[in-house]
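Down below is the structure, laid out as structure tokens.
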Amino acid sequence: MKLGEDSNGPPESEDFIRAGIRSDLESGMQKPLTRFPPEPNGYLHIGHAKSICLNFGVAEEFGGKCNLRFDDTNPSKEDVRYEEAIKEDVKWLGFDWGGKVYYASDYFGRLYEYALRLVSEGKAYVDDLSTEQIREYRGTLSEPGRESPSRARSVEENMRLLRAMRAGKFDESQYVLRAKIDMASGNMNMRDPVMYRIMKRTHPRTGNSWPIYPMYDWAHGQSDSIEGVTHSLCTLEFEDHRPLYDWFITQLGIYHSRQIEFARLNLSYTILSKRSLMKLVSKGFVSGWDDPRMPTVSGLRRRGYTPESIRNFCRKIGVTKQDSIIDMGFLEHSVREDLNRKAQRVMAVLDPLKVVIVNYPEDQEEEIEAVNNPEDSSMGKRKVPFSRELFIERDDFMENPPKKFHRLSPGSLVRLRYAYIVRCKGF
RNA sequence: UGGGGCAUCGUAUAACGGCAGUACAGCGGACUCUGGAUCCGCUAGUCUAGGUUCGAAUCCUAGUGCCCCAGCCA
């Protein structure tokens, strides 16, 4: 193995995230803590592998830890059966989350207390606008939004309404809790984002104890903070959520995790959106999430990809903020490189062409030694029978060969693998 | 002048202000022992225009192009 090819090691050149963490460490930060936070609403794909390798890799390299956390804040879209599949895939890729699995739902109580606090400080309010009205009031990309009439509600009334929401007194969509920020902000995420929606759904972990569920923006940063995540790595599309991420943490005065964004993986000729992959599965175009044609981790596994090859692929594509599309050939090169080193070789003839060695004794048969892997003698040898009559692949013979044809043709000399040199004297 | 982000060979990714490098792909050779293997070699790039500087991919100014954002999804 050449230097820099260790699939577990850091990349040859340091990316901006590792450089940032190194600098944080140098200026006094203790061990870094990252997290891989999948929503259990589908199987992991090669794009997740990039995130997994980054989060777990960085933690390992800097002597820190990486939490596996299920972002289970929306019971209408999630399913526990995905959790086992996700854990299996992370483990198969070669990463260890240290036994304890974290769940955003474990923080529902804490989150609710935080919300009460923001409401009591006049920084959040209960809104009775309909979904459509909220959209209208939000304005557009180029026009500011308008403030909801509910914004004027008193703190006392907001407290009462939030408690009633939590107590399950209302129907879905009747109310939402919103942060009171800035309806004129150029950043849509700051136009009074919804923190809680009413959802009468049974949650796999909290059962029916919560009729309200936190939105991503309200749950994620606080979950990071509660766990003490130092570096919260996510993809580029969350870049303009960062001001909100920071706003909540600052208002609450809790531990300040830092969100850092990197470009998500795009693969040529490959769809990597859970929504689309889900459609392929649910409409029966493939046999399941682990169909070998799928770009999922489990699909790649069934396809014959090794964890090392995927890890190495992730190392080599790097981590930047540039939108990019990696050539599928690069992924394929990674398995070939790994398998070439590890796979046992055997010979098989798919389309046989009989060859008679005319000067080889009729009744003789000998055993020839063949190496199992030309690049690794420790993989041993095997015996291959050799006799007067044998078969070669039809493609390995041509009656009228082009110039660079190095296989068998009339009059040509060719070495039979592990055995003798033969000349074609007739056919 | 809505906000946020990104520009380096075909692709991806490096380069304290100091020789633009590496990998994949492509092309050409080598190897009578599978090849989609391996080895050797070649091709090919700093978005544009100014400026600062002995010297700019890097700093400054002005442009241009591309991506993301208007879920009670994550």
Side-chain angles (χ1 to χ4, degrees), chain A residues 4 11-15 37-42 71-74 76-78 104 127 129-132 134-145 172-178 184-191 193-199 212-213 215-217 219-220 234-243 261 263-266 268 274-275 313 316-337 339-341 343 345-349 370-371 374-375 392-393 395-396 404 406-408 412-423:
Chain A
E12 288 163 67
S13 60
E14 197 169 69
D15 54 70
E39 181 186 17
N41 67 344
D71 228 335
D72 56 348
T73 58
N74 186 348
S76 73
K77 295 198 168 186
E78 296 150 8
D127 199 350
L129 249 32
S130 68
T131 308
E132 297 70 34
I134 286 180
R135 184 165 54 239
E136 287 164 23
Y137 275 69
R138 186 153 33 223
T140 68
L141 293 178
S142 54
E143 296 157 19
E172 291 191 2
S173 291
Q174 201 176 339
Y175 288 101
V176 289
L177 180 72
R178 294 229 256 170
S185 172
N187 182 345
M188 300 299 266
N189 296 303
M190 300 300 272
R191 321 244 264 226
V194 172
M195 295 165 63
Y196 276 110
R197 75 283 220 185
I198 296 171
M199 200 185 286
I212 57 174
Y213 289 95
M215 298 289 289
Y216 166 84
D217 285 304
H220 206 92
C234 64
T235 47
L236 250 28
E237 64 269 28
F238 292 100
E239 233 157 1
D240 47 16
H241 287 245
R242 177 153 35 90
E261 312 85 8
R264 74 180 320 138
L265 172 69
N266 292 296
S268 61
K274 263 195 217 168
R275 194 184 131 76
F313 168 75
K316 290 193 290 192
I317 58 175
V319 180
T320 68
K321 291 182 76 115
Q322 300 173 35
D323 291 304
S324 62
I325 301 173
I326 311 286
D327 195 316
M328 176 54 109
F330 204 59
L331 213 210
E332 292 169 342
H333 169 262
S334 299
V335 231
R336 223 176 285 134
E337 187 181 44
L339 254 23
N340 183 46
R341 199 163 45 217
R345 315 304 157 85
V346 287
M347 289 187 281
V349 176
V371 300
E375 313 208 4
I392 66 170
E393 195 68 45
D395 288 348
D396 288 341
K404 286 174 195 160
H406 284 303
R407 302 176 215 180
L408 199 62
S412 73
L413 277 176
V414 159
R415 171 161 218 132
L416 292 169
R417 185 111 223 228
Y418 304 120
Y420 312 107
I421 295 170
V422 297
R423 182 195 298 279

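Below, each value reflects all heavy atoms present in this structure, side chains not excepted, and no hydrogens, waters or symmetry copies. Throughout, a chain's letter reflects where its sequence line sits, starting with A, and its residues are numbered from 1. None of the values given here were measured: they were computed from a predicted structure.
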Listed nucleotide nearest any side-chain atom of [X], set [options]:
X: A:Asn74; options: B:C72, B:G35, B:A74; answer: B:A74
X: A:Leu413; options: B:U32, B:G71, B:A74; answer: B:U32
X: A:Arg345; options: B:G35, B:A70, B:A74; answer: B:G35
X: A:Arg336; options: B:C72, B:A25, B:G4; answer: B:A25
X: A:Met188; options: B:C72, B:U34, B:G2; answer: B:G2

[X]: what forms a salt bridge (charged side-chain N to carboxylate O under 4.0 Å, His left out) with it, not counting sequence neighbours?
X: A:Glu172; result: none
X: A:Asp396; result: A:Arg407
X: A:Arg178; result: A:Asp127

Heavy-atom donor-acceptor pair, A:Asp240 side-chain to B:G3 base, under 3.5 Å: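 Yes, a donor-acceptor pair under 3.5 Å.
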
Short side-chain N/O contact to B:C72 OP1/OP2 from A:Arg135, under 4.0 Å: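 Looking at the OP1 and OP2 atoms of B:C72, neither is under 4.0 Å from any side-chain N or O of A:Arg135.
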
Base-paired stems in RNA chain B, each at least three Watson-Crick or G-U pairs under 3.5 Å: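 B:2-7 with B:64-69, B:10-13 with B:21-24, B:26-30 with B:38-42, B:47-51 with B:59-63 - these are the stems of 3 or more pairs that involve RNA chain B.
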
Integer angstrom distance from the P of B:A57 to that of B:A7: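 Rounded to whole Å, the distance is 16 Å.
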
Distance, C1' atom - from B:G51 to B:U11, rounded to whole angstrom: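 33 Å, rounded to whole Å.
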
Heavy-atom protein contacts under 4.0 Å, nucleotides 5-16 of chain B, coded B base, S sugar-phosphate only, - none: SSSS--SSSS--

Integer-rounded Å distance: B:C67 C1' and A:Leu141 CG: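 Rounded to the whole Å, the gap is 14 Å.
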
Considering only distance and modelled atom types, tabulate donor-acceptor pairs under 3.5 Å from the side chains of residues 236-243 of chain A, sequence neighbours left out.
residue: A:Glu237; atom: OE1; partner: A:Thr235; partner atom: OG1; Å: 3.1
residue: A:Glu237; atom: OE2; partner: A:Thr235; partner atom: OG1; Å: 3.0
residue: A:Glu237; atom: OE2; partner: A:Arg264; partner atom: NH1; Å: 2.5
residue: A:Glu239; atom: OE2; partner: A:Lys321; partner atom: NZ; Å: 2.8
residue: A:His241; atom: ND1; partner: A:Asp217; partner atom: OD1; Å: 2.7
residue: A:His241; atom: ND1; partner: A:Asp217; partner atom: OD2; Å: 3.3
residue: A:Arg242; atom: NE; partner: A:Glu261; partner atom: OE2; Å: 2.6
residue: A:Arg242; atom: NH2; partner: A:Glu261; partner atom: OE1; Å: 3.3
residue: A:Arg242; atom: NH2; partner: A:Glu261; partner atom: OE2; Å: 3.4

Touch class at under 4.0 angstrom, heavy-atom based, for A:Leu408 against every strand present: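 Nothing, no heavy atom under 4.0 Å.
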
Anti/syn call for B:G55, syn if |chi| within 90°: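 That one's anti.
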
